[in-house]
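Keep in mind that what you see is a predicted model, and the values were worked out from it rather than measured. Order of the sequence lines fixes the chain letters, A, B, ..., with proteins taken first and strands second; residue numbering starts at 1 for each chain.
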Number of protein chains: 4
Amino acid sequence: MTHLTDDLHAALSRQRIETPSWGYGNSGTRFKTFAAPGAARDVFEKIDDAAEVHRLTGIAPSVALHIPWDEVDDYAALGRHARERGVDIGAINPNVFQDDVYRLGSVTHPDEAVREQATQHLLDCVEVMRQTGSRDLSLWFADGTNYAGQDDLRRRKHAMRSALKRVHDALPENGRMLVEYKLFEPAFYATDLFDWGAAYAHCVAIGEKAQVLVDLGHHAQGVNIEQIVAFLLDEGRLGGFHFNARRYADDDLIVGTSNPFELFCIYAELVAAGHSTDQRTRTTAQDVAYMIDQSHNIEPKVEAMLQSVLNCQEAYAKALLIDRDALKDAQQAGDVLAAHRALTDAFRTDVRPLLAEWREAGGLPTDPIAAHRASGYQTRVTRERGTAVGGGGYPVKEKVMGT
Amino acid sequence: MTHLTDDLHAALSRQRIETPSWGYGNSGTRFKTFAAPGAARDVFEKIDDAAEVHRLTGIAPSVALHIPWDEVDDYAALGRHARERGVDIGAINPNVFQDDVYRLGSVTHPDEAVREQATQHLLDCVEVMRQTGSRDLSLWFADGTNYAGQDDLRRRKHAMRSALKRVHDALPENGRMLVEYKLFEPAFYATDLFDWGAAYAHCVAIGEKAQVLVDLGHHAQGVNIEQIVAFLLDEGRLGGFHFNARRYADDDLIVGTSNPFELFCIYAELVAAGHSTDQRTRTTAQDVAYMIDQSHNIEPKVEAMLQSVLNCQEAYAKALLIDRDALKDAQQAGDVLAAHRALTDAFRTDVRPLLAEWREAGGLPTDPIAAHRASGYQTRVTRERGTAVGGGGYPVKEKVMGT
Amino acid sequence: MTHLTDDLHAALSRQRIETPSWGYGNSGTRFKTFAAPGAARDVFEKIDDAAEVHRLTGIAPSVALHIPWDEVDDYAALGRHARERGVDIGAINPNVFQDDVYRLGSVTHPDEAVREQATQHLLDCVEVMRQTGSRDLSLWFADGTNYAGQDDLRRRKHAMRSALKRVHDALPENGRMLVEYKLFEPAFYATDLFDWGAAYAHCVAIGEKAQVLVDLGHHAQGVNIEQIVAFLLDEGRLGGFHFNARRYADDDLIVGTSNPFELFCIYAELVAAGHSTDQRTRTTAQDVAYMIDQSHNIEPKVEAMLQSVLNCQEAYAKALLIDRDALKDAQQAGDVLAAHRALTDAFRTDVRPLLAEWREAGGLPTDPIAAHRASGYQTRVTRERGTAVGGGGYPVKEKVMGT
Amino acid sequence: MTHLTDDLHAALSRQRIETPSWGYGNSGTRFKTFAAPGAARDVFEKIDDAAEVHRLTGIAPSVALHIPWDEVDDYAALGRHARERGVDIGAINPNVFQDDVYRLGSVTHPDEAVREQATQHLLDCVEVMRQTGSRDLSLWFADGTNYAGQDDLRRRKHAMRSALKRVHDALPENGRMLVEYKLFEPAFYATDLFDWGAAYAHCVAIGEKAQVLVDLGHHAQGVNIEQIVAFLLDEGRLGGFHFNARRYADDDLIVGTSNPFELFCIYAELVAAGHSTDQRTRTTAQDVAYMIDQSHNIEPKVEAMLQSVLNCQEAYAKALLIDRDALKDAQQAGDVLAAHRALTDAFRTDVRPLLAEWREAGGLPTDPIAAHRASGYQTRVTRERGTAVGGGGYPVKEKVMGT
């Protein structure tokens with residue numbers, strides 16, 4: 001039985017998971033968005049839901065916004081609303097993929113006017129950062145092509161770099177831009193930021209405030225994500241995560257549900273880097289933005305987010321339990337299986353009692369999901385909010401906020 | 001220079017490609033459906049577009065319907081409209097994935113009432129077949145689960161078989177049901193009809209009118225599709241195709257655009273099976289329903305469909321040019337590279353002159369795409385139809401036909 | 001804390017894992033076979049190693065043979081040697097892929113003489129089954145092609161069926177043939193038994209003694225193996241497993257090391273089918289042959305096999321702990337996340353104390369790997385056997401037994 | 001009919017493909033190396049075969065060496081032998097993966113002594129470069145791990161960088177090192193140089209003489225290789241290719257046989273970059289080392305190499321035919337399908353007549369494979385060399401040169 005030492009308690013108390021506003025509203029696949037009873041209808045309700053997740057878990061103290069889905073006239077008021085609920089505004093996520101003008105791309109579009117419009121939206125979001133006090137601008141682009149020859153890949157690369165550079169140079173002093181990459185979807189021939197290497201090369205060329213964001217669902221099959229994490233940490237260029245789970249493509253399921261061992265291995269690299277003797281690596285590890293990015297298509301949204309946060313907590317707790325001396329000794333001795341077991345022994349450990357103990361010490365419900373189910377929250381919001389008609393796939397501003 | 005022999009002419013004249021009504025309307029990804037100027041707004045306009053494709057190519061004489069997207073009160077009138085335009089109504093495609101009740105499945109749903117509702121819709125579509133004179137009921141199910149444990153996989157299998165059996169036994173005498181499988185999407189843990197083997201096992205258990213439908217985008221990476229085609233032909237269970245192209249998942253791009261050699265290899269198996277000494281294999285090959293199933297997200301829809309039909313025609317023409325005696329001799333001699341070249345020599349051949357000759361002989365435009373661009377068709381329908389607001393991803397009845 | 005009930009004790013005592021003789025000798029990749037000190041040099045030493053694994057774990061009471069790697073003049077004597085060590089001879093695995101004559105295939109080769117030679121070897125192995133009292137003939141074929149056009153896919157399919165049928169009809173009365181499939185390797189264009197569907201179709205056509213064997217490393221990326229397992233169990237056609245782990249291709253690593261959750265989900269289906277109300281499904285589940293097929297390229301072979309057996313034991317133990325009533329209730333209620341947690345709660349449980357208790361009750365070392373390390377076995381065999389020079393990749397008879 | 005303009009003639013005459021010495025000897029998979037009659041037994045015979053390929057094609061004037069497989073006492077004499085046959089010595093390929101000491105890695109091994117031994121071999125190969133006048137040191141490492149936790153990923157990264165840096169700084173003035181990456185095999189958990197991004201980051205950190213080498217078989221499924229090529233060209237860091245073909249893993253088949261359109265798209269990017277207005281991009285494109293790296297397991301080796309060279313020539317010729325003005329106009333206009341067709345029109349063109357014309361002008365056989373088959377070369381070398389017994393998988397020095 002593993003005990004909650006002071007070190008473990010402190011480490012667990014430092015964990016932070018940011019939940020996304022869009023995870024609380026209706027979403028779906030290209031085939032159908034099922035309307036979920038009680039799904040949040042606007043940014044205020046999304047913040048309410050995020051606050052509920054934080055209230056029950058204690059480690060989800062901020063919520064990411066998506067602009068324009070979460071656009072408001074008065075961000076100061078929005079910030080006050082959030083703080084009153086016990087959470088902060090987190091990363092700002094611009095949207096340059098849902099206007100009709102973006103059919104062939106945004107910052108890499110063939111037409112300069114479209115590129116300018118897209119870049120201007122990014123710069124507007126930098127302004128939102130200032131108003132919300134957000135540190136991170138989280139950038140994902142749908143830009144790419146569907147057919148070989150459709151566009152000039154190098155021209156698009158230049159356009160991407162140019163836009164990123166402009167935005168980078170406009171960031172607040174302590175601001176940071178997180179550059180997300182993706183293998184495919186919605187582009188099916190070539191995505192302009194197609195893998196971590198492409199994002200990394202751009203970041204290095206652009207400046208110190210540009211960091212790579214790793215979304216767990218954005219890789220080809222078989223790719224070793226924890227190795228990318230270790231590589232970026234070592235280069236001082238890991239900025240953040242979009243956590244989710246997948247078996248196939250960018251399935252955007254609840255993080256940790258399809259291969260919990262992979263999530264554990266990722267946290268193992270993060271914990272190890274946090275102890276690195278290399279200053280840059282250690283600093284990078286301590287500054288990582290942990291964010292969830294999921295699409296809860298068939299399951300209740302608040303409960304799904306609770307499960308996501310708890311899955312991250314379990315993975316992190318297990319990573320904290322790794323006997324790093326035994327691991328290092330076995331690695332240095334070339335004892336392949338002993339080293340592997342030093343890692344997997346921690347994974348095999350059931351950390352639920354440990355986490356219950358930590359929660360109790362912090363005045364949190366020992367079983368947040370049971371507490372949520374017992375609280376009547378879902379029933380109440382369903383009554384208050386009703387069942388909004390879903391759009392297709394990702395939300396579109398008009399539909400979600402249309403009233 | 002390859003010449004148009006009588007045999008070639010006759011073979012080319014026998015080719016048939018069915019285009020889908022839904023390929024002429026707005027569609028997109030879960031992120032966005034871009035509104036295409038002039039996109040068809042209802043089933044009558046879709047039939048007009050399909051007729052234009054047939055007018056220019058001569059080998060696309062039928063159009064598949066999707067129910068309820070293409071639901072009308074009077075199918076006899078719809079059939080007359082089609083025939084007046086020069087095309088026939090083809091396969092009927094039921095939709096059991098866009099009602100809110102289908103959140104957890106249709107014919108495999110945990111709730112018997114939902115299963116019954118879904119099965120009833122399939123039976124209703126059998127009635128539509130009778131009214132339209134359609135031979136094929138083309139069945140695709142979104143049914144599946146997103147999380148391990150979510151449902152009992154064997155219970156769902158039994159439910160699938162039971163529903164398929166009921167529908168099978170209700171088919172018209174000359175009717176046929178085409179059972180489509182898919183690796184994933186929109187289900188991300190397990191899809192109930194997950195591969196050709198699952199579809200095949202159901203078909204064999206159900207009856208002679210059940211055949212497997214191969215959608216080119218529904219396989220895992222690396223899967224050899226022409227081998228599945230050859231296997232099913234040999235077992236007498238290949239019913240049809242949904243043609244499209246992909247690099248990653250079910251990208252639904254224009255067929256032949258990402259790996260034209262694969263499309264050629266598929267046609268090579270079909271042509272070979274058509275010459276088989278085995279009666280069942282030969283009959284199966286002659287009865288295959290060739291249908292397109294694509295999502296034209298960023299390109300003009302009628303031109304995209306023209307390109308699709310022409311890509312199939314080129315692949316088929318090349319397959320007809322294979323020197324089958326040379327191929328067989330090299331295969332039997334174990335001459336690996338000579339056999340490979342007997343195949344690839346046909347693929348390397350530029351069949352465009354041959355096809356121009358065939359078109360000329362049939363009074364068709366020698367360059368259908370140039371003819372389409374010169375015809376003013378796109379300009380006219382854009383003026384007449386305007387730009388309908390797209391929904392998200394796949395069309396939903398209310399949105400597309402909302403007027 | 002989970003307690004060892006009588007039911008759990010009985011279930012755990014019923015588990016059986018068969019280890020393969022070839023897992024104890026040198027093996028490697030196409031690049032290099034590293035010579036492992038103390039690796040078994042002949043079938044007698046392999047049996048000694050297998051016996052050591054059984055002595056320490058109590059659930060590995062049989063060893064699979066590979067013919068001709070393990071060919072001996074007197075199988076009765078070999079059987080006595082095995083029984084004296086406490087193990088039995090298990091499945092017989094014919095080899096029709098390492099003679100020069102098999103360059104273009106074995107039972108599907110273009111040349112009838114080669115097909116006949118290969119089939120004759122299979123029939124010879126049926127004779128070995130009689131002499132060793134083996135129940136299972138485990139069939140894997142390297143047959144396939146590297147280039148499109150190289151051979152006629154349907155001709156090869158016919159040849160495969162014909163050979164399988166002959167062998168099937170020659171099986172002993174209680175004998176069984178396990179038909180293994182594989183996506184690719186060593187064939188890189190088309191493998192004749194390319195997936196479970198192909199193996200299944202052959203088995204159904206051939207007869208009741210033909211069953212499908214699932215090797216965990218033989219699928220395309222993303223394929224849901226537990227669903228195939230559930231499907232085959234339900235159809236009464238799951239014959240056995242080749243357990244191992246992979247991230248990429250057929251990596252043949254220690255089972256359970258790359259995605260332990262997947263192994264758990266497979267066992268969850270097996271345990272569930274064992275409780276099925278369907279007689280055929282239940283019988284099938286009880287008759288499954290659980291075999292390991294791995295390539296220990298860089299790690300000590302006996303310890304690797306111990307780890308493999310223990311990983312299977314943990315996965316099975318966790319599957320036994322699933323609260324099946326809670327699971328079923330949640331599934332029927334459509335409570336997606338509660339159903340998922342009913343499954344994962346069992347996976348999250350640390351079963352090591354439970355298994356230690358079971359071992360203690362059976363007079364086994366509570367930590368088999370520690371016991372093995374402490375036993376001096378590895379030191380002793382290294383001294384006695386020395387370090388045999390490895391061949392490339394898979395063993396070849398001359399090299400392994402040449403001295 | 002496309003005519004051979006002076007520009008086309010000149011461009012075709014500039015093409016260079018380097019063949020690898022190891023492609024002429026026996027090789028196989030981990031399961032079996034089939035002995036090929038007449039396969040080259042030593043480096044002199046390999047050079048003879050390479051010279052035959054160049055004699056027939058005119059565009060394969062150099063041969064890559066693998067050390068120590070091709071180790072000789074007197075490289076000056078080897079160079080003379082080559083030049084007498086009409087070919088030059090090309091890239092030098094060190095081997096740090098076949099000694100027993102490399103079981104856990106070479107330059108990233110846990111043990112410093114092994115790291116030093118491996119690095120020393122690389123430095124010895126730099127000395128071979130000086131003696132042979134080779135420009136390129138082509139580096140591939142099998143280094144990696146099989147199990148999570150087996151070793152410290154960041155420590156291995158540091159070791160890799162350190163070794164690369166030492167070798168880089170020892171290169172001759174005009175020398176270059178080509179850093180190859182690979183997704184997996186023979187490492188099955190993590191490969192130290194796992195993708196182009198990792199290789200690129202190392203190259204940028206190390207110095208100007210370090211460039212990335214793209215092997216067509218070393219990517220995850222779905223990865224867009226031509227986009228990586230375009231990216232690296234634009235960054236001035238594309239050093240060379242290892243050409244081959246694959247469907248699944250690193251299948252090492254004849255280049256262009258599984259997806260000829262992909263090979264064409266790669267050449268299209270190279271030709272386009274060669275016309276770039278950016279000096280660095282243009283220079284990089286002109287300096288690319290085009291090398292074949294294949295494993296001819298079942299087909300005649302010299303004919304396989306001829307086919308490989310010819311497939312590259314066809315792809316390049318088609319890329320030269322792209323109407324770049326039409327392509328650019330359509331791209332800038334956002335005319336998706338016209339742009340795609342500007343590319344595919346070139347691919348559809350049958351360039352065999354054009355290439356026959358070019359060969360005739362250069363005094364080459366118009367059909368090199370027919371000429372080879374008619375020449376009696378294969379019969380002669382089979383008589384002279386006999387059939388060497390193959391080892392397993394990749395050659396090992398002792399086996400290939402042992403006589």
Side-chain angles (χ1 to χ4, degrees), chain A residues 1-2 219-225 227 245-249 251 253-254 256-265 296-308 310-311 314 318 334-341 343-353 355 367 369-370 372-373, chain C residues 1-2 219-225 227 245-249 251 253-254 256-265 296-308 310-311 314 318 334-341 343-353 355 367 369-370 372-373:
Chain A
M1 177 74 189
T2 310
H219 306 85
Q221 293 279 8
V223 165
N224 185 323
I225 300 176
Q227 189 174 22
R246 56 78 74 108
R247 285 184 75 95
Y248 306 99
D251 306 339
L253 301 174
I254 294 173
T257 54
S258 66
N259 186 345
F261 185 58
E262 180 182 67
L263 184 62
F264 163 75
C265 288
H296 307 133
N297 303 337
I298 61 167
E299 65 270 41
K301 286 152 206 310
V302 175
E303 185 179 333
M305 206 62 88
L306 278 170
Q307 188 70 64
S308 308
L310 298 179
N311 285 358
E314 283 202 22
K318 290 181 177 194
D335 190 339
V336 173
L337 295 180
H340 177 63
R341 280 191 298 265
L343 193 79
T344 57
D345 275 349
F347 180 71
R348 282 176 159 88
T349 304
D350 188 344
V351 294
R352 289 174 299 180
L355 292 172
D367 183 339
I369 287 174
H372 170 66
R373 289 208 162 199
Chain C
M1 176 75 189
T2 310
H219 306 84
Q221 294 280 6
V223 164
N224 184 324
I225 299 176
Q227 190 175 21
R246 57 78 75 108
R247 284 185 76 94
Y248 306 99
D251 305 340
L253 301 174
I254 293 173
T257 54
S258 66
N259 185 346
F261 185 59
E262 181 183 66
L263 184 61
F264 163 76
C265 288
H296 307 132
N297 303 336
I298 61 168
E299 64 271 38
K301 286 151 205 312
V302 175
E303 186 178 333
M305 206 63 87
L306 279 170
Q307 188 69 64
S308 308
L310 298 179
N311 286 359
E314 283 201 22
K318 290 181 177 193
D335 189 339
V336 174
L337 294 181
H340 177 62
R341 280 192 298 265
L343 193 78
T344 57
D345 275 350
F347 180 71
R348 282 177 160 88
T349 305
D350 189 344
V351 293
R352 289 174 299 180
L355 292 173
D367 183 339
I369 286 174
H372 171 65
R373 288 208 163 199

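Interface summary for chain C: among A/Ile254, A/Val223, A/Asp345, A/Val336, the most heavy-atom pairs under 4.5 angstrom belong to A/Asp345. Counting heavy-atom pairs closer than 4.5 Å to chain A, the top-ranked of the candidates C/Asn259, C/Ile298, C/Thr349 is C/Asn259. The candidate with the highest count of non-hydrogen atom pairs below 4.5 Å against chain A, out of C/Arg373, C/Glu262, C/Glu299, C/Arg341, is C/Arg341. The residue among C/Arg246, C/Arg247, C/Glu314 with the most heavy atom pairs within less than 4.5 Å of chain A is C/Arg247.
Of the two parts of C/Ala304, the backbone and the side chain both hold a non-hydrogen atom closer than 4.5 Å to a non-hydrogen atom of chain A. For a residue to count as touching a neighbouring chain, one of its non-hydrogen atoms must lie under 4.5 Å from one of that chain's; by this rule C/Asp251 does not touch chain A. Of the two parts of C/Asn224, the backbone and the side chain both hold a non-hydrogen atom closer than 4.5 Å to a non-hydrogen atom of chain A. With a 4.5 angstrom heavy-atom cutoff, A/Ala338 touches chain C via backbone and side-chain atoms both. With a threshold of 4.5 angstrom between heavy atoms, C/Thr257 approaches chain A through its backbone and through its side chain. Neither the backbone nor the side chain of C/Ala370 comes within less than 4.5 Å of any heavy atom of chain A. Within the 4.5 angstrom heavy-atom criterion, atoms from both the backbone and the side chain of C/Glu303 approach chain A.
Residues forming a side-chain hydrogen bond (donor to acceptor under 3.5 Å, both in side chains) with C/Thr344 (at least two apart in sequence, or on another chain): C/Arg348. Judged as a ring pair (Phe, Tyr, Trp, His ring centres under 6.0 Å), and not counting sequence neighbours, C/His372 has no contacts.
Across every non-hydrogen atom of C/Ala245 and C/Gly256, the tightest pair is CB-N, 3.9 Å.
Residues C/His340 and A/Gln307 have side chains not in contact (no heavy-atom distance under 4.5 Å, counting atoms from C-beta outward). Inter-residue side-chain proximity for A/Leu337 and C/Ile369 is flagged as unmet; no heavy-atom pair is nearer than 4.5 Å.
Using bins of under 30°, 30° to 60° and over 60° for the plane-to-plane angle, the ring pair C/Phe347/C/Phe261 lands in the perpendicular bin.
When each of C/Leu263, C/Val351, C/Leu343 is paired with C/Lys318, the side chain to side chain contact (heavy atoms under 4.5 Å, CB included) condition holds for C/Val351 and for no other.
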